[in-house]
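Below you'll find the structure, written out as structure tokens, and then a few comments.
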Amino acid sequence: MQTTFNEVQKFLLSGTTAEIAQKLLGKRLCFQTKTGVMTAFIVEAEAYIGPKDQAAHAFQGHRTPKNEPLYHEAGTIYIYQMRTQLLLNLITQKENDPQGVLIRAIQPEKGLTQFQKNREVHQLFELTNGPGKLMQAFGIPKILKGSRLNEGPLSLDLQNFKTPAVIKVSGRIGVPNKGIWTNEPLRYFVAGNPYVSRMRKRDIDSKNYGWQ
DNA sequence: GCTACGATATGCT
DNA sequence: GCATATCGTAGCA
């Protein structure tokens, strides 16, 4: 049984964007490639709260072709390019309510060989512990910007998921000098999971990786 | 056209 | 921790 677009959309409308960012932890991302399917669990996500959020691309209703997908309905994929990296966002809320969740880190499950082929690293945990890194490891193309989840190669699986033992909260990364928005607790991650960005070695739960 | 700059990654100190 | 690589896009002329 596969998750449908309608189910994903319902899920992405089921609370505030901050709540959804939190609920996304442990959910499974699937990417269909020519050679097979690659899957990974979300371990870190940040919420961006629309026009009032100084750190969001839709701050003050800013709207251009570049961030247009932000204004689309829940379940739309928004890919932002920063320098040479791509960043993956899932749109939450209704049409014209530009909110979304930035996927910051994942834990690979199936297709690990393909992940490592796409992105060679010395340390395994370096593979997907950052927003640009995970896009490279997955090999997700920018063309998916503006398309919908579960209708193309990229889908969100709500049936097979893990449950975080402890969810931690912090201010968002890379958001300096933005008043209260710099420290607003809108970043959520699985405590102890080694794939979370900026995770300190001694905080890693090497037994369960932070899962229940 | 030209310029400034960003939700980063990496490598060096 | 801090500099810097390096690229698409917006904003303006």
Side-chain angles (χ1 to χ4, degrees), chain A residues 12 16-22 24-25 29 40 42-72 74 76-93 97-108 115-147 154 168-189 194-203:
Chain A
L12 293 171
T16 64
T17 301
E19 285 165 358
I20 291 165
Q22 193 168 339
L24 274 170
L25 298 179
L29 272 179
I42 299 172
V43 297
E44 180 180 357
E46 286 180 1
Y48 285 84
I49 322 288
K52 63 177 177 182
D53 182 352
Q54 221 181 128
H57 292 152
F59 180 52
Q60 290 180 335
H62 186 68
R63 182 170 185 168
T64 66
K66 184 178 171 181
N67 70 358
E68 175 66 25
L70 275 173
Y71 290 82
H72 292 195
T76 302
I77 299 166
Y78 171 44
I79 294 174
Y80 173 73
Q81 180 155 15
M82 164 105 190
R83 290 280 206 274
T84 53
Q85 342 285 343
L86 301 174
L87 284 65
L88 176 66
N89 297 253
L90 309 183
I91 301 308
T92 62
Q93 311 308 327
D97 191 353
Q99 304 195 32
V101 175
L102 168 68
I103 308 299
R104 284 196 55 88
I106 56 174
Q107 175 183 334
F115 277 104
Q116 288 175 312
K117 209 168 148 190
N118 291 344
R119 181 179 149 75
E120 288 183 27
V121 286
H122 298 109
Q123 264 294 319
L124 179 63
F125 302 146
E126 290 286 305
L127 192 59
T128 52
N129 64 348
K133 299 178 185 180
L134 72 90
M135 289 297 274
Q136 195 188 349
F138 251 125
I140 296 176
K142 198 170 54 165
I143 332 170
L144 293 184
K145 172 178 170 182
S147 68
L154 185 65
K168 287 226 174 192
V169 183
S170 81
R172 289 170 294 184
I173 291 182
V175 183
N177 314 318
K178 293 284 195 310
I180 61 161
W181 298 104
T182 295
N183 298 315
E184 200 73 358
L186 293 171
R187 169 177 177 244
Y188 301 89
F189 59 95
Y195 288 93
V196 171
S197 63
R198 302 193 182 184
M199 178 62 63
R200 283 177 305 191
K201 218 170 186 177
R202 67 167 182 276
D203 293 336

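By convention in this document, chain letters (A, B, ...) are assigned in the order of the sequence lines, proteins followed by strands, and residues within each chain are numbered from 1.
- The nearest whole Å value for the distance from the CZ atom in A:F59 to the P atom in C:dA10 is 18 Å.
- Side chain of A:Y78, nearest nucleotide from B:dA7, C:dT9, B:dA9: B:dA7.
- Comparing A:K145 and A:Q85 along DNA chain C, the residue whose closest nucleotide (by nearest heavy atom) sits nearer the 5' end is A:Q85.
- A:R119 comes within contact range of the sugar-phosphate backbone alone, with a heavy-atom separation under 4.0 Å but no base atom that close.
- Atom P of nucleotide B:dG6 and atom CG of A:N67 are separated by 15 Å, given to the nearest angstrom.
- For the pair A:N118 CG and B:dA9 C1', the computed distance is 17 Å after rounding to whole Å.
- Each of A:Y80 and A:K133 has a nearest nucleotide on DNA chain B; the 5'-most of these lies closest to A:Y80.
- Distance, A:L88 CG to B:dT8 P: 14 Å, rounded to whole Å.
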| field | Secondary-structure string, 5' to 3', Watson-Crick or G-U under 3.5 Å, | for another-strand partners, for DNA chain C | value | |||||.||||||.
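- When distances run from any side-chain atom of A:T84 to the nucleotides C:dT6, B:dA7, C:dG11, the shortest one goes to C:dT6.
- Considering all non-hydrogen atoms of both residues, A:A21 and A:E46 come closest at CB-C, 4.4 Å.
- At a threshold of 4.5 Å between non-hydrogen side-chain atoms, the residues A:L186 and A:V175 do not count as touching.
- In the set B:dT8, C:dA5, C:dT9, the nucleotide with an atom closest to the side chain of A:R83 is C:dA5.
- Backbone-only engagement by A:H62 is indicated by non-hydrogen atom pairs under 4.0 Å involving sugar-phosphate atoms exclusively.
- In this structure, of B:dT8, C:dA10, C:dG8, it is C:dG8 that holds the atom nearest to the side chain of A:K142.
- Ring orientation note: the planes of A:Y195 and A:F125 are nearly perpendicular, at an angle over 60° on the 30°/60° scale.
- Using modelled atom types, no side-chain atom of A:N118 and backbone atom of A:F115 make a donor-acceptor pair closer than 3.5 Å.
- Residues A:D203 and A:K168 are not paired through a salt bridge, judged by the lack of any N-O separation under 4.0 Å between the basic side chain and the carboxylate.
- Rounded to a whole Å, the CE atom of A:M82 is 16 Å from the P atom of C:dT4.
- Here the OH-CG distance, from A:Y188 to A:L24, works out to 11.5 Å after rounding to the nearest 0.5 Å.
- Rounded to whole Å, the distance from CZ on A:R198 to P on B:dT10 is 13 Å.
- What separates CG of A:D53 from P of B:dA7 is a distance of 11 Å, to the nearest Å.
- Between A:E126 and A:K133 there is a salt bridge, since a side-chain N of the basic residue sits under 4.0 Å from a carboxylate O of the acidic one.
- Between the P atom of B:dT8 and the CG atom of A:L102 lies a distance of 8 Å, rounded to the nearest Å.
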